Q: 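Pasting a structure here, questions to come.
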Amino acid sequence: MISSPFIRNLLSDEKSLYKYFVESRPITVEDVKRHLMLAERENNIYIPDHHYRLGCEKAFEGIECLSDLFTVGLAGVADMFLEFREKVVYVKVEKFNEWQMLLPYIPPLILVAAKVWKEHPPRVISHTEYIAKFLVVNLRYTTLPSPYIRQLDELRGKDNGLYDLHIHLNGAIETDTAWQDFLQHPDEVYQELMEAAGKRMVKEQYLQLSPFITPATFRRLLQIARVLRMMLCERILCSKENDVSLKALLGKLTYAELQEMSSCHPMTYLIGNDCKPKYLEALLYILTLDYLDRNKADDYTATLFHYYLLILGQANKMLVQQPCCFGFEEFQKYSMNGYREFSEREYKRRFLQLAGNALENVRLLEGRFSPKDTLTQDEELIGKATSGWNELSKVKKYYGMNHPSELTLVSHFIKKPDIDADDFIRHKWLRHEVMHKANVLVQLKNSGTGYSKKVVGIDAAASEFDAPPEVFAPAYRYLRENGYDHFTYHAGEDFYHILSGLRAVYEAIEFLDLRRGDRIGHASATGVSAAIWSQNMGGQLLIRQGEYLDDLLFAYSLIEGSANPSLMGILPLIAKKINDLSFDVYGEHVPLRLLVDAWRCRFHDPEEELEKYTVELDNDLPIRYLLAYHHKSTRIRYDKIIEVKTFDLLEEKELTELQLLLLAYMCQHEIVIETLPTSNVVIGVHRDYKSYHLYNWMMWKEQGKLIPPIVVGTDDPGIFATNIYNEYANIYCQLVYEKKINPQNAVKYLEELQHNSRLYAF
């Protein structure tokens, strides 16, 4: 708590937004102070209030009026994390992991602007010169600053960029870019939000993050933000006097008809139409900070700015996964809520953003896209992505950057829940959908067009709780038989039990026939600390009894095959539990060996097996129990929820040994792990980078354990507020500043990751 700035909650302060928007009430510094203390308290309710009060008092030193919230508070956060080198704003390297966890609270542009203002107040040169001198270099294509790490710059330069081998093309646009779209096109954005608002998980997200916000109220807030922005410009540039009292203004903004503002940024009238909105927005922030610094008593203007930033903070809350939103289901809400749909209708901005302000970040980008129902639709999507990449290449060429960079595409199927369940086949309709899309991908491969050459691999993504690897096995094998050579699969990212995550990784490799050089996305279950996981779960968990049976079958099979002496002694206990669960799930005591064989048969197409199954073939017992596993009567028993201890049959030590067994298996089969630093920290069992499990893989390898090759990606860079350079920087900073590893050894490990990415790119 001590090192955490309370001011980080300034833009995500829902209580202040509620008072402005719903109650039409002006607020005081004391109100804000109280709100931010309570917001900080929500992060850990077990610290008593007297500690929070001292922390809040410390954070608010020097803040006596609303203007100080920004000129002292927000600028102080910028000073804490950012530094200037030449004219470029960097994140302080020792603070970078903490900075990464700050971005869900505050989008970077306002902090970059605050730092520029503190170092270079806009009082000497013209606004146009100021933009050219200080803003363009920092905001040209991305608002995300990076730390200055000389060794990482050198590593990036050797290959003319880094390899991002796991990035979803949707979920990429940054908050500060989307924000300008929101204000320029609020009606179009509103339509996208309305289309998404009926989804169950999106309804949960609104209730969870902002109970009084709906798409309609957010549309109103965008209208208000446009008015506030115009009023700010009038006050700081034209010294316009108050037309009404602050309370009357707030009431008018909430309840009265608002005059529709121009869709362009109001700073355009000062600078010109050819200036990028991000530059205009940054200049607005800087001029407002400068005005408030010189007019501290002007609560009217400070309130306009506060209200405006709170609406921006609300947008950021729905665009960037929040620290309170652990788990993959929370991530799915961000991918479903519609907040990026309008901004991501074209690709050029995304690719420029990912390349970085100097266009040096990316050597190869393996973009993930969801395949469509027809060849024409697939080719249209591939064409749009390729066109966007070509635009990036043109811009690089314009700046004299002729070194190559490449876009390739990986088509990922979407895991979906078995809603309209068939009585005899699990996920029957999803299996049909996936096979249909696989047929379209084969048509694409056989077309021999440039579009076909762009698609270099196959993946399956979305929630592991919705569909297991076996559902995709027939399609994967069919695609391998018809010209596709490279495969990966999201597995072990989120799970009920660590065993479940390990089993998902193993099943993906075995059932999908993954081969040398193929990859697993995330595989977090193979590296997370069993102790931290158990602590987070409270020592016990709920799980479906059929899944737990399958987890134990996997554990038994892996231990038996390895003959690991430290684990062989627990096999009788696992066997006994399997025997008990087999009766509960299948209605009879099924021999353990038969259960293992039936589990290993799950890559079979159950529809084909059911069609050829007859009483005469009843002696094929594994297939018989495979079909029993699929049958509705078994599924009812399979889905019964039971409670188990996290360290039930396998204690922390045994679970770690099982992780190492699976990692050795992957290493021996040359199955590569795709690690996604910020995504894994935010979605997984971690609270921050201190426990990020890449360190475990690194240490185990140094101890002589067999660890598979590891490559790096960004996952959904907009949702996680990152890019590939910053992900490498997060790894470096964790190793050096959290784990106290020698910088030379940390760089050596980064070089290994880059080498692996170059070697195992599809």
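Keep in mind that the numbers below use all heavy atoms, side chains included, and drop hydrogens, waters and symmetry copies. Values in this document were obtained by computation on a predicted structure and should not be read as measured data.
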Q: Distance to the ring centre below 6.0 angstrom and angle to the axis at most 45 degrees; does that hold for K278 and Y141?
A: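 Pair K278/Y141 does not count as cation-pi.
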Q: Check S500 against I543 and note the closest heavy-atom contact, atom names and distance.
A: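 Heavy atoms only, the tightest pair is OG-CD1, 3.8 Å.
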Q: Does the cation-pi check pass for R219 over Y190, that is, NZ or CZ under 6.0 Å from the six-membered ring centre and within 45° of its axis?
A: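 No; the conditions do not both hold, so R219 does not lie above the ring face of Y190.
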Q: In terms of side-chain heavy atoms, does T488 have a donor or acceptor partner in E674 at a distance below 3.5 Å?
A: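 The criterion, which ignores hydrogens and geometry beyond distance, is satisfied for E674 and T488.
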Q: More than 12 heavy atoms of other residues, nucleotides or ligands under 6.0 Å from CD of E346: is that the case?
A: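 For E346, atom CD is crowded (more than 12 foreign heavy atoms under 6.0 Å).
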Q: Can you label the angle between the Y548 ring and the H497 ring as parallel, tilted or perpendicular, going by 30° and 60°?
A: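 Tilted.
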Q: Give a yes or no on whether a salt bridge exists between E98 and R8, defined as a side-chain N under 4.0 angstrom from a carboxylate O.
A: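 Not counted as a salt bridge, because no side-chain N and carboxylate O are separated by less than 4.0 Å.
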Q: Taking Y692 as the fixed residue, which of N730, N680, T675, T678 is the one that meets the side-chain hydrogen bond (donor to acceptor under 3.5 Å, both in side chains) rule?
A: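 Result: among N730, N680, T675, T678, T675 is the only option passing the side-chain hydrogen bond (donor to acceptor under 3.5 Å, both in side chains) with Y692.
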Q: Any chance the side chains of S463 and E329 put a donor and an acceptor closer than 3.5 Å?
A: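 Not at all, the side chains of S463 and E329 share no donor-acceptor pair under 3.5 Å.
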Q: Looking at E380 and K372, is there a salt bridge between them, counting it only when a charged N and a carboxylate O are closer than 4.0 Å?
A: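 No, K372 and E380 are not salt-bridged.
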Q: So do M201 and E330 actually touch side chain to side chain, heavy atoms under 4.5 Å?
A: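 No, too far: nothing below the 4.5 Å cut-off.
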Q: When you check the gap from the basic side-chain N to the acidic O, do K415 and D466 get nearer than 4.0 Å?
A: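 Between D466 and K415 there is no salt bridge, as every charged N stays at least 4.0 Å from the carboxylate O atoms.
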Q: Are any of the side-chain nitrogens in E344 or R349 under 4.0 Å away from the carboxylate oxygens of its partner?
A: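 Looking at R349 together with E344, the answer is no, because their closest N to O distance does not fall below 4.0 Å.
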Q: Within 45 degrees of the axis of the six-membered ring of Y347 and under 6.0 Å from its centre: does R350 put its NZ or CZ there?
A: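 Cation-pi check for R350 and Y347: passes.
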